[in-house]
Amino acid sequence: MKFLVLLAAGMLAFLGAVICIIASVPLAASPARALPGGADNASAASAAAASPGPQRSLSALHGAGGSAGPPALPGAPAASAHPLPPVPLFSRFLCTPLAAACPSGTEQGDAAPGEREELLLLQSTAEQLRQTALQQEARIRADQDTIRELTGKLGRCESGLPRGLQDPGPRRDAMADGPWDSPALILELEDAVRALRDRIDRIEQELPVRVNLSAAPAPAPVVPTALHSKMDELEGQLLAKVLALEKERVALSHSSQQQRQEVEKELDALQDRVAELEHGSSAYSPPDAFKISIPIRNNYMYARVRKALPELYAFTVCMWLRSRSGGTGQGTPFSYSVPEQANEIVLLEAGHDPMELLINDKVAQLPLSLKDSGWHHICIAWTTRDGLWSAYQDGELRGSGENLAAWHPIKPHGILILGQEQDTLGGRFDATQAFVGDIAQFNLWDHALTPAQVLGLANCTGPLLGNILPWEDKLVEVFGGATKATFDVCQGRAKA
């Protein structure tokens with residue numbers, strides 16, 4: 001029976017604590033403490049006091065004679081001798097007045113110490129629950145403010161939608177009709193956002209077309225057209241001018257070539273007349289009678305021509321040679337090199353091989369023989385047209401051919417060396433290809449001489465100097481021990 005009494009007392013204490021939590025009212029320590037709820041609770045308390053109905057308090061749950069004051073805690077000051085009458089409090093959820101304090105275990109005379117500890121634990125748990133309820137209330141209010149803000153934004157968005165996308169019915173309040181996070185409302189918002197996005201995409205796609213259709217034809221495209229036409233006109237004028245200049249150049253070239261041919265004919269006639277007057281004299285005195293001598297085979301004795309050559313489409317080179325190689329090949333009487341080609345023109349006889357003519361590294365073998373250690377007159381003629389060449393020895397045609405560097409013009413601004421073969425422009429001589437002997441009357445023309453002219457030079461009856469390179473002392477410079485001596489080849493040959 002005692003156990004049942006204790007169990008009933010504990011249940012009553014637990015119910016009292018739950019009622020305190022629901023009331024959410026702090027203990028009334030003094031009459032001056034403000035009550036939660038402000039004026040509403042005060043007015044409710046006064047109305048309850050004035051009502052004639054019966055008043056129910058927590059003391060009624062515990063029986064008559066229960067103490068209405070708070071339980072005494074250890075170390076707490078004792079209550080005054082004249083305690084104030086308890087002020088009835090009211091809950092926000094219940095309309096019945098409550099006692100100012102919750103019953104404690106001391107009101108039950110037969111409560112055990114363990115029950116008091118359990119009651120204190122329940123009170124602390126109730127306080128925590130009350131704080132949690134307050135926090136939840138504040139959070140709910142914040143969520144309500146957020147919902148109101150979102151509802152306002154949604155209203156503004158719906159006001160900007162096309163009429164077909166707006167709800168034809170009366171505007172619904174999401175807060176009143178249902179929860180703000182209901183699936184129907186979320187789907188409606190997603191549909192509205194999707195419709196807005198589609199509308200924006202269509203507007204962006206139609207914007208360039210509308211701009212192009214609405215804009216008037218601008219005069220800007222006319223400017224490039226006018227500029228292009230002007231450029232075309234200028235290009236046509238420039239092309240016509242270039243063609244006219246080209247025609248004038250060709251005409252001048254033909255004219256100069258005709259004049260040159262006429263001068264050459266007059267010179268030939270004069271030479272024939274002089275030969276007739278002299279009655280076939282076999283001797284004449286050239287302007288500069290000298291020779292170049294290279295006594296031994298090495299890679300440092302040579303002579304260099306100081307005059308630069310122009311571009312040639314044909315040439316004739318003639319010279320007097322006397323080889324002292326002892327029958328092993330006379331080497332290189334002359335070589336002409338340009339920056340792009342070391343073997344532009346080369347006359348070479350190496351070892352027991354026949355004499356060769358190289359033009360732009362193309363080779364033709366010449367049927368010439370100069371191994372008797374005597375003076376011989378050599379003439380070689382070449383033209384770029386079909387690469388035709390002719391080789392003369394002592395006034396006689398010894399051989400001819402074609403396709404020797406055909407259609408290749410001799411390039412200008414090169415270096416002409418007598419006695420050495422150039423592997424680079426003006427240098428890198430090879431002793432095995434050096435010339436040993438004497439060279440005289442080296443002349444160069446920019447056209448092919450006739451057989452009669454070549455015979456006159458070989459017989460010393462037709463004195464003729466090269467129009468591109470004449471044999472003059474001031475144009476020839478010797479190096480490395482090569483010597484320059486006065487010598488008239490025709491007189492010496494006549495004496496011999």
Side-chain angles (χ1 to χ4, degrees), residues 286 289-299 301-303 305 315-336 343 345-359 363-382 389-401 404 416-422 429-444 449 451 453-460 466 469 471 476 478 482-485 487-496:
F290 68 96
K291 67 177 180 178
I292 302 295
S293 298
I294 300 176
I296 59 176
R297 190 185 301 274
N298 52 51
N299 61 350
M301 290 185 180
Y302 64 97
V305 178
F315 70 84
T316 300
V317 58
C318 296
M319 71 198 81
W320 285 92
L321 295 177
R322 183 171 64 176
S323 175
R324 296 179 180 178
S325 61
T328 58
Q330 64 178 348
T332 306
F334 79 95
S335 63
Y336 176 68
N343 297 325
I345 307 176
V346 179
L347 182 63
L348 172 65
E349 185 182 40
H352 298 285
D353 296 334
M355 185 172 289
E356 296 177 343
L357 175 65
L358 283 73
I359 296 179
V363 183
Q365 293 185 351
L366 308 180
L368 304 177
S369 178
L370 308 173
K371 299 179 181 180
D372 57 357
S373 299
W375 284 99
H376 293 278
H377 187 262
I378 301 298
C379 276
I380 299 172
W382 174 86
W389 61 271
S390 302
Y392 298 85
Q393 181 175 340
D394 296 330
E396 296 180 3
L397 179 64
R398 292 295 182 89
S400 62
L404 177 59
L416 181 60
I417 299 293
L418 303 179
Q420 295 285 351
E421 192 272 333
Q422 308 174 62
F429 304 139
D430 186 358
T432 61
Q433 298 175 342
F435 175 78
V436 181
D438 302 316
I439 302 174
Q441 291 299 317
F442 185 93
N443 289 275
L444 179 65
L449 296 181
Q453 292 173 334
V454 174
L455 182 60
L457 291 174
N459 294 334
C460 295
L469 182 62
W471 183 250
V476 181
V478 294
T483 60
K484 184 189 296 185
F487 178 74
D488 188 350
V489 65
C490 290
Q491 293 179 359
R493 185 170 180 272
K495 292 179 182 179

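The figures that follow rest on heavy atoms only: side chains count, while hydrogens, waters and symmetry mates do not. Start at 1 with the first residue, then count along the sequence.
The minimum heavy-atom distance between Asp430 and Gln420, with the atom names listed, is O-OE1, 3.8 Å. For Gln422 against Phe429, the heavy-atom pair with the smallest separation is CG-CE2, 3.9 Å. Considering all non-hydrogen atoms of both residues, Arg322 and Trp375 come closest at NH1-NE1, 3.3 Å. Residue Met301 comes nearest to Ala482 through the heavy atom pair CG-N, 4.0 Å, listed as atom of the first residue, atom of the second, then distance. Between Leu370 and Ser323 the shortest heavy-atom distance is O-CB, 3.5 Å. The shortest non-hydrogen separation linking Leu404 to Trp382 is O-NE1, 2.9 Å.
Of the candidates Val478, Thr483, Val436, Thr483 is the only one forming a side chain to side chain contact (heavy atoms under 4.5 Å, CB included) with Ser293.
Annotation: the span from Met355 atom CE to Ile380 atom CD1 amounts to 7.0 Å, rounded to 0.5 Å. Once rounded to the nearest 0.5 Å, the distance linking NE2 of His377 with CG of Asn459 reads 9.5 Å. In this structure, CD on Gln330 lies 9.0 Å from CG on Leu348, to the nearest 0.5 angstrom. Put simply, CG on Asn343 and CD1 on Ile359 are 11.5 Å apart, with the number rounded to the nearest 0.5 Å. Separating the OG1 atom in Thr316 from the OH atom in Tyr392 is a distance of 8.0 Å, to the nearest 0.5 Å. For the atom pair Leu368 CG and Leu321 CG, the distance stands at 10.0 Å (nearest 0.5 Å).
Every residue was checked against the side chain to side chain donor-acceptor pair (under 3.5 Å) condition with Asp353, not counting sequence neighbours, and none meets it. Arg297 meets the salt bridge (Lys or Arg N to Asp or Glu O under 4.0 Å) test with no other residue; sequence neighbours excluded.
Ring to ring, Phe487 and Trp320 are not that close: their centroids are 6.0 angstrom or more apart.
By the 4.5 Å heavy-atom criterion applied to side chains, Leu449 and Leu457 are counted as neighbours. In this structure, Gln393 and Ile378 have side chains that are in contact, with non-hydrogen atoms separated by less than 4.5 Å. Between Gln441 and Cys318, every side-chain heavy-atom pair lies at or beyond the 4.5 Å cut-off. Within the 4.5 Å cutoff, side-chain heavy atoms of Val476 are placed close to those of Trp471. Side-chain atoms of Ser390 and Val454, non-hydrogen and from C-beta on, never get closer than 4.5 Å to each other.
Aromatic ring orientation, Phe334 versus Phe442: perpendicular (interplanar angle above 60°, classes split at 30° and 60°).
For the residue pair Thr332 and Gln433, no side-chain donor N or O sits within less than 3.5 Å of a side-chain acceptor on the partner.
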